[in-house]
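A short write-up of the structure that comes next.
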Amino acid sequence: MASDFFESVYQVVRLIPKGKVTTYGAIAACLGSKSSSRVVGYAMNGSHRVKPKVPAHRVVNRNGQLSGKMHFDTPYQMEELLKKEGIVVKNDQIQNFSQHYWDPNKALKLD
DNA sequence: GTCATGACAAAGA
DNA sequence: TTCTTTGCCATGA
């Protein structure tokens, strides 16, 4: 059972449009606690057990690195999914990260 | 009930 | 500039 904080995380992650990615810190900041990025990552760890699975593959660390690819069914599933959405992944690193970056704060503000 | 750990990030030295 | 330390909250033992 996910706590409210986790639910908020899942909610934001599900808002990420296809072909876009965001960072743990951005989500944490979106929730109001920029320092909670670690909790966001842990929330992603439980993302596989929530009913509406969240596109966790669209969430990477601030370096654009596929930090959590090993937590998927298969370690290569994450980059596969990203590639399918048009994102170029090289050596667990998203290329043109700034180009694919999607800011939840901005999206929510614009609504 | 407490202790340690985790898909991270920002600030200090 | 890089390296180290602290914060955050939930989960598991």
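Each chain gets a letter, A, B and so on, in the order the sequences are listed, and its residues count up from 1. Keep in mind that what you see is a predicted model, and the values were worked out from it rather than measured.
- The distance between atom NZ of A:Lys34 and atom P of C:dC9, rounded to the nearest whole Å, is 13 Å.
- Distance check on atom C1': B:dA7 versus C:dC3 gives 23 Å, rounded to whole Å.
- Contact check of residues 36-46 of chain A against DNA chain C (heavy atom, cut-off under 4.0 Å) returns A:Ser36, A:Ser37, A:Arg38, A:Val39, A:Tyr42.
- By the neighbour-count criterion of 12 heavy atoms within 6.0 Å, atom NZ of A:Lys84 is sparsely surrounded, having that number or fewer from other residues, nucleotides or ligands.
- In this structure, a donor-acceptor pair under 3.5 Å is present between the side chains of A:His57 and A:Glu85.
- Contact of A:Tyr24 with B:dA9 (side chain to base): no donor-acceptor pair of N or O atoms is detected under 3.5 Å.
- The side chain of A:His71 lies closest to B:dA7, out of B:dA7, C:dT11, B:dA9.
- Counted by atom type alone, A:Asn63 and A:Asn61 present zero donor-acceptor pairs between their side chains at under 3.5 Å.
- Whole-Å rounding puts the A:Glu79 CD to B:dA7 C1' distance at 15 Å.
- Under the Watson-Crick and G-U wobble criteria, each requiring two contacts below 3.5 Å, nucleotide B:dA7 is left unpaired.
- One atom, CD1 of A:Ile27, and another, P of C:dA10, lie 16 Å apart when rounded to the nearest Å.
- When heavy atoms are screened at a 4.0 angstrom cut-off, A:Ala56 is found touching base atoms of the nucleic acid.
- In this entry the distance linking NE2 of A:His48 with P of C:dT11 reads 12 Å, nearest Å.
- The two residues A:Ser67 and A:Tyr24 come nearest to each other via the heavy atoms OG-OH, 3.4 Å.
- Rounded to a whole Å, the CZ atom of A:Arg62 is 13 Å from the C1' atom of B:dA11.
- When the shell of 6.0 Å around NZ of A:Lys34 is examined, it contains 12 or fewer heavy atoms from other residues, nucleotides or ligands.
- Within 6.0 Å of the CD atom in A:Gln65, the count of heavy atoms belonging to other residues, nucleotides or ligands exceeds 12.
- Atom C1' of nucleotide B:dC8 and atom CZ of A:Phe6 are separated by 13 Å, given to the nearest angstrom.
- With hydrogens and angles disregarded, no donor-acceptor distance shorter than 3.5 Å links the side chain of A:Glu79 to the backbone of A:Gln77.
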